[in-house]
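Each remark here refers to the structure printed beneath this line.
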Amino acid sequence: MNKSFERTFKVKLAEQDISMRKFAESIGIVPQNLSQRIKRGTITYDEALEFADKLGYKIEWIEKQ
């Protein structure tokens, strides 16, 4: 994952008025661990899918035209 994921994720949390701490706790991750993994870009694709789902979104692969 990259900085674009980090920005998008933080925007989606803010839109739903959910803190990083509250989100981390809701998925059973230590808040500091989640924050560091997002900053380092070490979130797996499966985790990104899980995070999006938890926030009410889905990640899709869309063919370029």
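Arg40 places a side-chain heavy atom less than 4.5 Å from the side chain of Gln36. The shortest side-chain heavy-atom distance between Asp53 and Lys58 does not fall under the 4.5 Å cut-off.
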Evaluate side-chain contact (heavy atoms from CB on, under 4.5 Å) for Leu55 paired with Glu15, printing each intermediate quantity in order. CA-CA 10 Å; Leu55 292 171; Glu15 286 175 353; over 6 Å; no
Could you walk me through whether Phe9 and Phe23 satisfy the ring pair (Phe, Tyr, Trp, His ring centres under 6.0 Å) test, starting with their C-alpha distance in whole Å, then the side-chain angles of each, then the deciding distance to 0.1 Å, before giving a yes or no? CA-CA 11 Å; Phe9 181 66; Phe23 182 80; 5.2 Å; yes
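More than 12 heavy atoms of other residues, nucleotides or ligands sit less than 6.0 Å from atom CG of Asn33.
Under the 3.5 Å distance criterion, with hydrogens and angles disregarded, no donor-acceptor pair is assigned to the side chains of Gln32 and Ser35.
Using cut-offs of 30° and 60° for the angle between ring planes, the Trp61 and Tyr45 rings count as perpendicular.
With values rounded to the nearest 0.5 angstrom, Lys10 atom NZ is found 11.0 Å from Phe5 atom CZ. Atom CG of residue Leu34 and atom CD1 of residue Ile27 lie 5.5 Å apart, to the nearest 0.5 angstrom. Here the CD atom belonging to Glu47 is positioned 6.0 Å from the CD1 atom belonging to Ile29, to the nearest 0.5 angstrom.
The only option from Leu13, Asp46, Ile43 that meets the side chain to side chain contact (heavy atoms under 4.5 Å, CB included) definition with Phe51 turns out to be Ile43.
Under a 4.0 Å N-O distance rule, the pair Glu25/Lys22 does not qualify as a salt bridge.
Arg21 contributes no side-chain N or O that, together with a main-chain N or O of Pro31, makes up a donor-acceptor pair within less than 3.5 Å.
Val30 and Ile18 end up in different hydrophobic clusters when Ile, Leu, Val, Met, Phe, Trp and Tyr side chains are linked at under 4.5 Å.
The two residues Arg37 and Thr44 make their nearest non-hydrogen contact at NH2-N, 4.3 Å.
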